[in-house]
Amino acid sequence: MAMLELKHICQSYKKGKPVLRDISFTIPAGQFVSVIGPSGAGKTTLLRLFNHMVCPDSGEVWIDEVRFDTLKSRKRRTIQQRVGMIFQDFCLVDTCTCLQNVLNGCLARIPLWRALSGFFPRVEREKALAALEAVGMEEYRQTLAHALSGGQKQRVAIARTLMQDATILLADEPVASLDPLTARQVLELMCRLQKEQGLTVVMNSHNVEQARTWSDRIIGLKDGRIFFDGAPADWTEDRLQALYGRQTS
Ligand SMILES: Nc1ncnc2c1ncn2[C@@H]1O[C@H](COP(=O)(O)OP(=O)(O)OP(=O)(O)O)[C@@H](O)[C@H]1O
């Protein structure tokens, strides 16, 4: 079953300067896809199509067999709930505890007064604790986010997407600011959740080795076009040189 699909997507921020040019692909449910390519190739723009932070000039965005880019606000928000996003800089509220940060993942489904008062239903608190446990951070539930290491922050950010009930995880360079061991641990966690919970993962990365190691499929973007779409085993040194050119020498 197709979980994510782009059909002939074209996108530009400025007239006459296309960032994505006729992009089409289908990602089945439960696949781990890495999107690689030089700076400015359009990787982040591509990811943003799937949470409506970017609306295409032309073409179609489909999520779980529903046309997403043309949906009106209420129906769109229902689908957006299923799309979790994590970032290189984690995007946690530093002055809140881990538990509060994870609880923020359910804001869209609770009444405003509860969100403002911080009085979350018991069932949601239990769910948040379970999410923290799933990422190995339960013992830090009362720790303020600013007191965490980068790897711990990313775990909490992943727990927040679990709290959101996300079935799709968009990860924009999620381990770029982490040391190699911590990066590995976070990627292992993403991979475990992909396998155990059937999560569909799309990860932007500048690290080709990580993409080859952890993903089922690599999509290489160059100048807004698909340069490569295939299995990590089919990725070659020649392709690396052709994609990044002098950057790799
Ligand atoms: N909000 C925006 N307004 C105008 N131009 C933008 C905007 N966002 C991105 N761009 C431009 O679109 C192009 C693609 O940007 P994008 O961030 O998608 O590339 P990327 O492959 O993710 O790059 P990087 O690896 O450096 O993060 C770049 O030329 C960038 O300057």
Side-chain angles (χ1 to χ4, degrees), residues 4-27 31-63 68-69 76 80 83-92 150 153-154 157-158 161 166 168-180 182-183 186-187 190 200-230 232 235 239-249:
L4 299 173
E5 187 169 12
L6 297 183
K7 296 183 185 178
H8 302 291
I9 289 291
C10 294
Q11 162 67 18
S12 52
Y13 295 102
K14 287 185 198 144
K15 229 177 172 181
K17 291 201 170 174
V19 173
L20 298 177
R21 307 165 192 237
D22 195 20
I23 299 278
S24 297
F25 59 71
T26 302
I27 298 178
Q31 194 170 57
F32 190 139
V33 178
S34 287
V35 181
I36 61 171
S39 206
K43 303 182 295 296
T44 298
T45 304
L46 185 86
L47 227 57
R48 288 179 170 172
L49 290 165
F50 292 117
N51 62 8
H52 206 71
M53 284 164 77
V54 162
C55 208
D57 298 339
S58 60
E60 299 176 9
V61 181
W62 290 71
I63 297 181
F68 178 64
D69 56 293
R76 192 177 70 228
Q80 274 172 315
V83 183
M85 190 144 186
I86 57 172
F87 306 87
Q88 179 178 346
D89 58 0
F90 321 116
C91 288
L92 297 180
K153 284 183 182 176
Q154 200 59 291
I158 291 170
T161 70
I168 297 157
L169 179 64
L170 305 178
D172 199 356
E173 297 183 35
V175 298
S177 61
L178 305 179
D179 68 72
T182 310
V186 170
L187 288 164
M190 287 165 60
T200 305
V201 182
V202 186
M203 174 176 81
N204 281 355
S205 179
H206 278 292
N207 188 318
V208 177
E209 264 324 294
Q210 281 172 355
R212 289 183 67 176
T213 305
W214 297 99
S215 38
D216 303 311
R217 173 179 171 190
I218 292 176
I219 293 179
L221 272 191
K222 187 174 185 179
D223 298 330
R225 292 187 201 280
I226 293 183
F227 165 86
F228 174 84
D229 184 354
W235 181 256
R239 288 193 163 118
L240 183 73
Q241 292 294 336
L243 182 60
Y244 290 96
R246 283 182 300 156
Q247 289 183 33
T248 56
S249 59

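Both counts, for ligands and for their atoms, begin at 1 and track the order of listing. All figures in this text were calculated on a predicted structure; none of them were measured in a lab.
Contact detail for Ser39 and His206: the closest heavy-atom pair is N-CE1, 4.0 Å. Contact between Gly59 and Asp69 at its shortest, heavy atoms only, is O-OD2, 3.7 Å. Gln154 and Val186 get closest at one heavy-atom pair: CG-CG1, 3.9 Å. Nearest heavy atom pair, residue Phe68 against residue His52, reads CE2-N, 3.7 Å.
For ligand 1, the polar-atom distance check finds an N/O of Gly42 within less than 3.5 Å of one of the ligand's N/O atoms. The N/O atoms of His206, backbone and side chain alike, include one that comes under 3.5 Å of an N/O atom in ligand 1. Residue contacts with ligand 1: Val19 is placed with no nitrogen or oxygen under 3.5 Å of a nitrogen or oxygen of the ligand (distance criterion only).
Contacts between Thr45 and ligand 1 below 4.0 angstrom, taking non-hydrogen atoms only, involve backbone and side chain alike. At a heavy-atom cutoff of 4.0 Å, ligand 1 is contacted by the side chain of Glu173 but not by its backbone.
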Query - Audit row: Phe25, Leu46, side-chain contact (heavy atoms from CB on, under 4.5 Å) steps and yes/no - result: CA-CA 11 Å; Phe25 59 71; Leu46 185 86; 3.9 Å; yes
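For Phe228 and Trp235, the ring centers are positioned less than 6.0 Å apart.
Nearest protein heavy-atom contact of atom 6 (C) of ligand 1 is Tyr13 CD1, 3.2 Å.
Within ligand 1, the atoms closer than 4.0 Å to a non-hydrogen atom of Lys43 are 18 (O), 19 (O), 20 (P), 21 (O), 22 (O), 23 (O), 24 (P), 25 (O), numbered from 1 in the order shown. Those atoms of ligand 1 that come under 4.0 Å of a heavy atom in Pro38, given as number and element, are 21 (O).
Each salt bridge (charged side-chain N to carboxylate O under 4.0 Å, His left out) pair with one or both residues in residues 11-27, not counting sequence neighbours, would appear here, but there are none.
Looking at Gly224, Gly40, Ser39 and measuring to atom 29 (O) of ligand 1, the nearest heavy atom belongs to Gly40.
Distance check on atom 17 (O) of ligand 1: some protein heavy atom falls below the 4.0 Å cut-off.
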